[in-house]
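Only one structure is covered here, and it is reproduced in the block below.
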Amino acid sequence: DVGLGKTIEAGLVLREMMLRRKVDFFLVVAPAGMTQQWKDELSAKFGLKAAIVDQDFFAAMRAQRGFSYNPWDAASGYIISHKLLIDPGYTDGLHAILGDPQPRSMLILDEAHHAAPAHGQAY
C-alpha cells in the first residue's frame, strides 16, 4: 500500500544499523523512476549519501579514475534500478567487491513484489 512509510522505516533501520556499526555497505534497488527520490530522502532525512548507479555514474567514474577502476569501490552506499541490477555490465563489479555474502552489508529492495514472477514458475 502507498503512504505507509515503508521508505522512512527502511531508512530508519539502515541508519540505526550503521550507527551500531552493523552495516558499512548498502544497496537500494528501486524502480528507475524512484532512484532520485531514494537518494534525496536518504540524504535529507538520514544524512546518508548514496550514489545512483547508472550509465552516467559509470562514465564519470571511469573518466575520473580510468576504465579499469571498479565504480563500486567509489562509495559505501548505492542506489540502482531493478532493470540495471540484472545487467551484468553494471553488476560484475558489485560481485567482485562483495564476493561471498558480506555480513555487514544491507540490501533494501523497494517494490519487492516485482522481484518474483506473479505465476507459479521458477524464479
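Start at 1 with the first residue, then count along the sequence.
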CD of Gln36 to CD1 of Ile79, rounded to nearest 0.5 Å, is 8.0 Å
Is there a side-chain contact between Glu9 and Lys6 (heavy atoms, below 4.5 Å)?
no
State whether the number of non-hydrogen atoms from other residues, nucleotides or ligands found under 6.0 Å of Gln64 atom CD is greater than 12.
yes
Please round to the nearest 0.5 Å and tell me the distance separating atom CD1 of Ile52 and atom OG of Ser81.
10.0 Å
Leu94 side chain near Asn70 side chain, heavy-atom distance below 4.5 Å:
no
Might you point out which heavy atoms bring Ile80 and Thr35 nearest each other, and give the distance in Å?
C-CG2, 4.2 Å
Identify the heavy atoms of Tyr78 and Val53 that sit nearest to each other, and give their distance.
CD2-CG2, 3.5 Å
Taking all non-hydrogen atoms of both residues, which atom of Arg104 and which atom of Arg21 are closest, and how far apart?
NH1-O, 2.5 Å
Any Trp38 side-chain heavy atom under 4.5 Å of Asp110 side chain
yes
Tell me the closest heavy-atom pair linking Lys39 and Ala50, and the distance in Å.
CE-O, 3.4 Å
Rounded to the nearest 0.5 Å, what's the gap from OG on Ser76 to CG on Leu27? Could you check?
11.5 Å
For Phe46, is the NZ or CZ atom of Arg15 found under 6.0 angstrom from the centre of its six-membered ring and inside 45 degrees of the ring axis?
no
Tell me, do Thr7 and Gln37 make a side-chain contact under 4.5 Å, heavy atoms counted?
no
So do Val13 and Met17 actually touch side chain to side chain, heavy atoms under 4.5 Å?
yes
Ring-ring centroid check Phe58 Tyr90, cutoff 6.0 Å:
yes
Are Phe26 and Leu42 close enough that some pair of their side-chain heavy atoms sits under 4.5 Å apart?
yes
Sub-4.5 Å side-chain heavy-atom contact between Val23 and Leu14:
yes
To the nearest 0.5 Å, tell me how far Tyr69 OH sits from Arg62 CZ.
11.0 Å
Nearest heavy-atom approach of Thr91 to Leu85 is CG2-O, 3.1 Å
Heavy-atom side-chain contact between Phe57 and Pro71 under 4.5 Å:
yes
Supply the atom-to-atom distance Leu107 CG to Leu109 CG, rounded to the nearest 0.5 angstrom.
5.5 Å
